[in-house]
Q: 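Can you keep this structure in mind? I'll have questions shortly.
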Amino acid sequence: MGEIVVSMRNICKSFGGIHALDKAQLDLQKGEVLGLIGENGAGKSTLMKILSGVYTADSGQVMVAGKEVHYRTPKEALDDGICMIYQELNLVNKLSVADNIFIGREASGGILLKRREDEKKAEELLKSMDLHIPPNTEVGSLTVAKQQMVEIAKGISYHSKVLIMDEPTAALAVSEINELFRVIRNLKEQGISIIYISHRLEELFEITDRITVMRDGNYIDTIDTSRGTMDELIQKMVGRSIKWEKKQTSQVPADAPVVLEAQHIVSKDIKDISFCLKKGEILGLAGLMGAGRTELARLIFGADRRKRGKILRDGREVRIHNTQDAVKNGISYLSEDRKGNGLAVNLSVEDNIALPNWELFTRNGVIQFQKVKEAAQKAVDEVGIKTPSTAQIVSNLSGGNQQKVVIGKWLLKNSEIFIFDEPTRGIDVGAKNEIYKLMEELIYNGKSIIMISSEMPELLRMSDRILVLCEGRLTGELSIEEATQEKIMEYAVMRNTEGEESDEKG
Ligand SMILES: Nc1ncnc2c1ncn2[C@@H]1O[C@H](COP(=O)(O)OP(=O)(O)OP(=O)(O)O)[C@@H](O)[C@H]1O
Ligand SMILES: [Mg+2]
């Protein structure tokens, strides 16, 4: 064992009657990347919030650099060199990169002088991380990936010794993940220790030195990454093994009718896309971040205005000018952004599930609360939402379980077509499997699905056919039989340069 910088022992924490942590433990060595994994609700974020001073433990011991600590606020932890980068970034969009990094820290002299000084310091800091972001850029104009880098730079500026990253890649594209990994390796070399939470196991094998596994608030085991296997990890995490393989052939009957057709869809970002979806089909939408997949979905769903193009349902043109039109035509859209469009986090599970479905629970203008409860409970059971009751406030659920609430509420709608936008983002392997089963069940019941995903194994496992987008254009279509990660990637980076356009129109 190398030098231990953080040691947590017998950590217990309850919220009301819920034991989020029950004798959890963790050791972090100097200059290592320690992965932290476990199913949704296993207690990873809670444990890290205790380390970073957001919560205090009910009992147990936290040692930092050999001394027992009792942080009461994140500021105290930060002063001690422990910094947490949040799942939801903490930046102020309207301020510059430099202002965000040095916000709330006084420098002597006037405002202008401070700004110049801050910008210079920020520039040096970013340079030391080998990042090329001008310090006077407004943060809101940066990509999520760059914003995250700024957040990390901010952490480093406090001379942090320990950086905690809670699902840092959940919103990143492949190239951005590589950039993040480069920064992480660089920090490691400077002797900084990193705790890295992720549900993407491939990533953990790439970036971590060791991996600590948690289950139900308990410590399970810690393995050396170089000696561990994927199977072993999943086994420890969910207590059973889960098979993961590609779909061999399309499951769509040859004579299945087309339920949805999009013809020449054009908007600001979407450049003339046409495609169709068959009954009982799972149509995968692949592409890199910014390829236009979500934009396309929103146009189909009427959430954004299209400039041109027709939408046909069961062969007839339909008017979809807003989301109500889409819902009336049997289309549901499960948004990728659970905090933005998907959920009212300050309301209960019940309210969130019932909200878009009031008409199901109203008789003669009176809401039947018992029915609401029953329906919510049914959704909780079907999707496997881990919550003490349907009355729990959504913001108290773990990230993955919040995602399941989004899915639960749309399942009540009697839709024919479901657009799933990154349905398993932030969801653990076990729960992913449940969501896949759920999709398969929808298909079995004659529904059709469009699935947007950035995770190739998921696309290859679920889709009957895959469309690939790049910069708002449809660059490729692959049957599941011919699809491979390499082929998808090839189309995903097929930029619009002359001479390459011959097979573009779909
Ligand atoms: N503020 C809170 N109030 C009530 N319960 C909470 C609160 N914070 C966490 N919990 C509960 O504690 C348990 C652990 O949650 P935590 O967020 O630590 O899980 P996690 O391992 O980070 O999961 P995920 O992978 O989904 O992010 C969950 O059952 C969660 O609902
Ligand atoms: Mg979490």
Side-chain angles (χ1 to χ4, degrees), residues 143-146 148-149 167-185 198-207 230 244-250 269-275 277 281-297 336 419-427 429 432 436 439 449-506:
T143 61
V144 177
K146 289 274 187 301
Q148 200 165 48
M149 300 297 174
E167 298 189 47
T169 58
L172 301 192
V174 181
S175 62
E176 296 168 333
I177 293 174
N178 289 332
E179 169 108 346
L180 175 70
F181 284 1
R182 200 173 50 71
V183 169
I184 289 179
R185 292 197 180 99
S198 177
H199 288 292
R200 298 189 176 172
L201 302 183
E202 315 91 70
E203 273 177 25
L204 289 162
F205 278 99
E206 194 178 334
I207 196 70
M230 196 81 91
W244 189 269
E245 51 194 32
K246 189 187 152 183
K247 192 184 259 186
Q248 293 302 317
T249 59
S250 167
D269 301 311
I270 297 299
K271 311 213 160 63
D272 195 355
I273 290 186
S274 303
F275 69 90
L277 173 72
E281 181 174 43
I282 300 183
L283 179 64
L285 273 192
L288 302 177
M289 196 85 150
R293 295 166 301 171
T294 292
E295 284 89 329
L296 181 60
E336 63 177 329
I419 306 177
F420 283 90
D421 197 343
E422 303 282 4
T424 67
R425 175 177 287 171
I427 290 190
V429 276
K432 269 184 185 161
Y436 298 151
M439 290 173 123
I449 294 174
I450 297 175
M451 181 177 71
I452 300 175
S453 173
S454 296
E455 293 190 43
M456 297 229 218
E458 170 168 295
L459 281 172
L460 291 170
R461 173 186 167 149
M462 297 304 295
S463 311
D464 296 295
R465 189 160 54 101
I466 297 174
L467 302 180
V468 192
L469 269 61
C470 176
E471 295 179 344
R473 295 173 314 122
L474 187 62
T475 48
E477 173 176 344
L478 294 162
S479 68
I480 194 59
E481 291 85 356
E482 60 183 336
T484 60
Q485 295 211 12
E486 292 73 28
K487 283 202 182 128
I488 294 175
M489 264 323 265
E490 213 173 284
Y491 286 123
V493 296
M494 199 174 268
R495 305 234 140 73
N496 191 8
T497 52
E498 291 79 13
E500 235 180 44
E501 273 195 284
S502 46
D503 63 347
E504 185 207 343
K505 291 273 150 56

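Note that the structure is predicted; figures quoted are calculated from it, not measured.
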Q: Under 3.5 Å, is there a donor-acceptor pair between the side chain of E281 and the main chain of R465?
A: no

Q: Checking K246 side chain against T484 main chain: does a donor-acceptor pair fall under 3.5 Å?
A: no

Q: Nearest heavy-atom pair of I480 and Q248: which atoms, and what distance?
A: CG2-O, 4.2 Å

Q: To the nearest 0.5 Å, tell me how far M439 CE sits from I449 CD1.
A: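 The CD1 atom of I449 is 4.5 Å from CE of M439, to the nearest 0.5 Å.
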
Q: For E203 versus S198, what's the shortest heavy-atom pair and its separation?
A: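 In this case the closest contact between E203 and S198 is OE1-OG, 3.3 Å.
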
Q: I want to check something: taking the side chain as every heavy atom from C-beta on, are L288 and M489 in contact at a cut-off of under 4.5 Å?
A: yes

Q: Supply the atom-to-atom distance D269 CG to E471 CD, rounded to the nearest 0.5 angstrom.
A: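 The distance works out to 11.0 Å.
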
Q: Using side-chain heavy atoms (C-beta onward) and a distance below 4.5 Å, is E179 in contact with M149?
A: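 Yes. Closest side-chain heavy atoms under 4.5 Å.
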
Q: Would you say the side chain of P457 lies within less than 4.5 Å of the side chain of Q485, judging by non-hydrogen atoms?
A: yes

Q: Could you grab the distance from atom CD of E482 to atom CD of E477, nearest 0.5 Å is fine?
A: 8.5 Å

Q: Could you grab the distance from atom OG1 of T294 to atom CG of D421, nearest 0.5 Å is fine?
A: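 Nearest 0.5 Å value for the OG1-CG distance: 3.5 Å.
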
Q: Going by side chain to side chain contact (heavy atoms under 4.5 Å, CB included), L467 matches just one of L296, I450, L283, L277. Which one?
A: L283

Q: Any side-chain heavy atom of S453 within less than 4.5 Å of one from M462?
A: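 With C-beta onward as the side chain, the pair stays apart.
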
Q: Measure the NZ-SG distance between K271 and C470 for me, rounded to the nearest 0.5 Å.
A: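 The SG atom of C470 is 10.0 Å from NZ of K271, to the nearest 0.5 Å.
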
Q: So, for L469 and T475, which heavy atoms are closest and what is the spacing to 0.1 Å?
A: C-OG1, 4.0 Å

Q: To the nearest 0.5 Å, what is the distance between CG on L460 and CG on L478?
A: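 Here the rounded value is 9.0 Å.
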
Q: Going by atom types only, do R293 and S454 share a side-chain donor-acceptor pair under 3.5 Å?
A: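 Side chains of R293 and S454: pair found under 3.5 Å.
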
Q: Considering all heavy atoms of both residues, which atom of L459 and which atom of A286 are nearest to each other, and what is their separation?
A: CD1-CB, 3.5 Å

Q: Within the structure provided, determine whether L180 and I207 are in side-chain contact (heavy-atom separation under 4.5 Å).
A: no

Q: Do the non-hydrogen side-chain atoms of I466 and Y491 ever get within less than 4.5 Å of each other?
A: no

Q: Checking R200 side chain against E455 main chain: does a donor-acceptor pair fall under 3.5 Å?
A: no

Q: Between E458 and R461, does at least one N-O distance fall below 4.0 Å, as a salt bridge requires?
A: no

Q: Closest heavy-atom contact between A297 and I452?
A: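 Closest approach of A297 to I452: CB-CD1, 3.8 Å.
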
Q: Using a 3.5 Å distance criterion without hydrogens, assess whether the side chain of E481 forms a donor-acceptor pair with backbone atoms of S250.
A: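 Between the backbone of S250 and the side chain of E481 there is a qualifying donor-acceptor contact (under 3.5 Å).
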
Q: Might you point out which heavy atoms bring F205 and M230 nearest each other, and give the distance in Å?
A: CZ-N, 3.5 Å

